[in-house]
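Note that this is a predicted model, so its numbers are computed, not measured. Residue indices begin at 1 and follow the sequence shown.
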Amino acid sequence: MTMSLILSLLPILLLLLLLRPFPTVSAVGINYGTLGNNLPPPKKVAQLLQATLIDKVKIYDTNPQILQAFSNSGIDLIVAVENDHVANISSAKSAAEDWFSARIAPFVPATSIVAIAVGNEYLATEDDDNMDPNALIQAMQNLHEVLLSRGLDRKIKITTPHSMAVLATSFPPSASTFATTLMPTMTAIVTFLADTGSPFMVNAYPYFAYRDNPTTVPIEYALLGNSTGVHDPKGYVYTNMLDAQIDAIRSAIISLGFGNRSIHITVSESGWPSKGEPGETAASPDNAKTYNSRLIRRAQSNKGTPMKPNDKIDIFLFALFNENKKEGGSSERNFGLFNGDGSKVYDVDLRCEFCSGSKMDFGFESGSKMVQRGPSVWCVAKPHAEERLVQGVLDFCCGPGGVDCRDVYENGPCFGPNKVHAHASYAMNAYYQMHGRNYWNCDFKGSGLVTFSDPSYGTCKYSQE
């Protein structure tokens, strides 16, 4: 093959590269509760999270200020139907349509809403008289019908988060089943999730298992760090309790007859408190830092569990803030990474090297540097996009795409940091600006992100209209 022929085929080869289905690097989700009277405004929260490795946020309602704040942020949102609204939405499809039209429709697609959680631990609430399991199932079905009618059923999934209390027993994991009284309800829910491709959500807290059984549960096992392992009768070895809890849910699902169907499990909440009541000796900043640091690494590992080692588990850390108005004991109000005033409870590294604004000092305190939004818009590489895909985008932009990439060459003002994501961000933005800043010009097979935060730094200046 002649060199001229190779060069003539290069644009086609690069486009084929961009069309290949590359896996993404796992990021981390976080729960953003608002039961406090001293929390930062949502806009500031959204701006600061853009500079972190957090790419998914779960909230407990449809707060319009939060939904607006996260528009065009590159962060996916999971919103919720509050428990006391489930009955109304279950009453008729029209009620679900009204709820969606008022709460969700005004914010999409600018705000990336990827799931609606119908209730939270609905089947395990103390107010059982007002929590009809059939209403939960019907509400989920009604909302799904609304999504179908709007062509949004592939973008937005309907699910419901459960506590571990839905299980009759959680150990050994391979023998776990759902509580007998919940069998019909769980069968209906799991059938719905399987049919719609939605995740099974579980709130899993090794902390509470340790707190209630400190003499039988090793602290390191609960803290995700026991290397000796706990053995299941079927041969599975668990080095941490969270994996055992996930597989207990998996076994319960299989026991319903869904062993041959693909049902993704998501840990919708997991965390460790930094403070508790006098008897909660394990609730400490050191233990919280240890657990959540390991949880973040676990979420980014792309690993499964002993039963399904190749099935990646999405994890949402609980929680972003301590919430001083939350009911319950002291530990319930102290699961946050940050205090209500924005100061860090303890130091957990959330930095993302290639996120927009990542050079700033991360924090919500009044003295922290803020990324200001303005009328200008830029395009950068998503920090968690797979490197091979980003390299293909860089090659395309600097070749057939027509971008002048001399600034990212050695000795150029944008050469450092000498990383693919950094160089690609410069080239992607130049391409985006050249072609009129249409949203599709910053897609790059899902690896691009539109941002209102100027990614320029030092002498490296990103172009803008």
>> Quick check against the 3.5 Å criterion: does E386 have a side-chain atom that pairs as donor or acceptor with the backbone of R388?
In response: yes
> Applying the side chain to side chain contact (heavy atoms under 4.5 Å, CB included) test to I156, which of V114, V146, L143, I116 qualifies?
Replying inline: I116
>> Checking S112 against D76 for the side chain to side chain donor-acceptor pair (under 3.5 Å) test, could you report, in this order, the C-alpha distance in whole Å, the side-chain angles of both residues, the deciding distance, and whether it holds?
In response: CA-CA 5 Å; S112 179; D76 292 336; 2.7 Å; yes
> Can you name the nearest heavy-atom pair linking A204 to M164, along with the distance?
Replying inline: CA-CG, 4.3 Å
> Can you tell if the side chain of S293 reaches within under 4.5 Å of the side chain of I296, non-hydrogen atoms only?
Replying inline: no
> Are any of the side-chain nitrogens in E220 or R294 under 4.0 Å away from the carboxylate oxygens of its partner?
Replying inline: yes
> So do the side chains of F107 and S71 get within less than 4.5 Å of each other, counting heavy atoms only?
Replying inline: no
> Does W272 reach the side chain of T290, with side-chain heavy atoms less than 4.5 Å apart?
Replying inline: no
>> Tell me if a side-chain donor or acceptor on N142 pairs with a main-chain N or O of I89 at a distance below 3.5 Å.
In response: yes
> Passes side-chain contact (heavy atoms from CB on, under 4.5 Å), L320 versus I54? Steps please.
Replying inline: CA-CA 11 Å; L320 186 56; I54 302 296; over 6 Å; no
> At their closest point, which heavy atom of S251 faces which heavy atom of S174, and how far apart are they?
Replying inline: OG-CA, 3.4 Å
>> To the nearest 0.5 Å, what is the distance between CG on N292 and CZ on F318?
In response: 11.0 Å
> Hey, mind stepping through K155 and V108 against side-chain contact (heavy atoms from CB on, under 4.5 Å) and telling me if it holds?
Replying inline: CA-CA 11 Å; K155 168 67 175 177; V108 295; over 6 Å; no
> What heavy-atom pair brings F258 and T187 nearest, and what distance separates the two atoms?
Replying inline: CZ-O, 4.0 Å
> Is any side-chain heavy atom of L242 less than 4.5 Å from a side-chain heavy atom of I313?
Replying inline: no
> Just by modelled atom types, is the E82 backbone N or O under 3.5 Å from a matching donor or acceptor in the N120 side chain?
Replying inline: no
>> Just so I know, are the side chains of W99 and I104 near enough to count as touching, which here means a heavy-atom distance under 4.5 Å?
In response: yes
> Closest heavy-atom contact between K382 and L449?
Replying inline: CG-CB, 3.9 Å
> Do S198 and H144 pass the side-chain contact (heavy atoms from CB on, under 4.5 Å) test, and can you show the C-alpha distance, the side-chain angles, and the key distance before you say yes or no?
Replying inline: CA-CA 11 Å; S198 302; H144 181 66; over 6 Å; no
>> Could you check whether R250 pairs with D247 (Lys NZ or Arg NE/NH1/NH2 to Asp/Glu carboxylate O, under 4.0 Å)?
In response: yes
> Side chains of P206 and N240: closer than 4.5 Å at any heavy-atom pair?
Replying inline: no
>> Would the distance check show the side chain of S101 and the main-chain N or O of D98 forming a donor-acceptor pair, the cut-off being under 3.5 Å?
In response: no
>> If I compare all heavy atoms of V393 with all of M428, which pair ends up nearest, and what's the gap?
In response: CG1-CG, 3.4 Å
> How long is the span from the CG atom in N287 to the CD atom in E280, to the nearest 0.5 Å?
Replying inline: 12.0 Å
> Judged by atom type as modelled, is there a donor-acceptor pair below 3.5 Å linking the side chain of E277 to the main-chain atoms of S330?
Replying inline: yes
> For the side chain of H162 and the backbone of F200, is there at least one donor-acceptor N/O pair under 3.5 Å apart?
Replying inline: no
>> Treating S331 as the side-chain partner and K275 as the backbone partner, does any N or O pair qualify as donor plus acceptor under 3.5 Å?
In response: no
> What do you reckon, is CD of Q65 surrounded by more than 12 foreign heavy atoms closer than 6.0 Å?
Replying inline: no
> Distance from M241 atom CE to L223 atom CG, nearest 0.5 Å?
Replying inline: 10.5 Å
> Please walk me through it: do K303 and R297 pass side-chain contact (heavy atoms from CB on, under 4.5 Å)?
Replying inline: CA-CA 10 Å; K303 293 180 180 178; R297 290 197 295 270; over 6 Å; no
>> Measuring from atom NZ of K312 to atom NE2 of H264, what distance do you get when rounded to the nearest 0.5 angstrom?
In response: 5.5 Å
>> So for atom NZ, which belongs to K326, do other residues, nucleotides or ligands contribute more than 12 heavy atoms lying within a distance under 6.0 Å?
In response: yes
>> Ignoring hydrogens and geometry beyond distance, is a side-chain donor-acceptor pair present between S270 and Y291 at under 3.5 Å?
In response: yes
> Do K58 and N31 meet the criterion of a side-chain donor-acceptor pair at a distance under 3.5 Å?
Replying inline: yes
> Does T196 reach the side chain of M140, with side-chain heavy atoms less than 4.5 Å apart?
Replying inline: no
> F335 and Y205: aromatic ring centres closer than 6.0 Å?
Replying inline: yes
> Do you know the tightest heavy-atom contact between G197 and K157?
Replying inline: O-CE, 3.7 Å
>> Measuring from atom CD1 of I113 to atom CZ of F100, what distance do you get when rounded to the nearest 0.5 angstrom?
In response: 7.0 Å
> Strictly by modelled atom types, are S163 and N203 linked by a side-chain donor-acceptor pair under 3.5 Å?
Replying inline: no
> Does a side-chain heavy-atom distance below 4.5 Å link I253 with F178?
Replying inline: yes
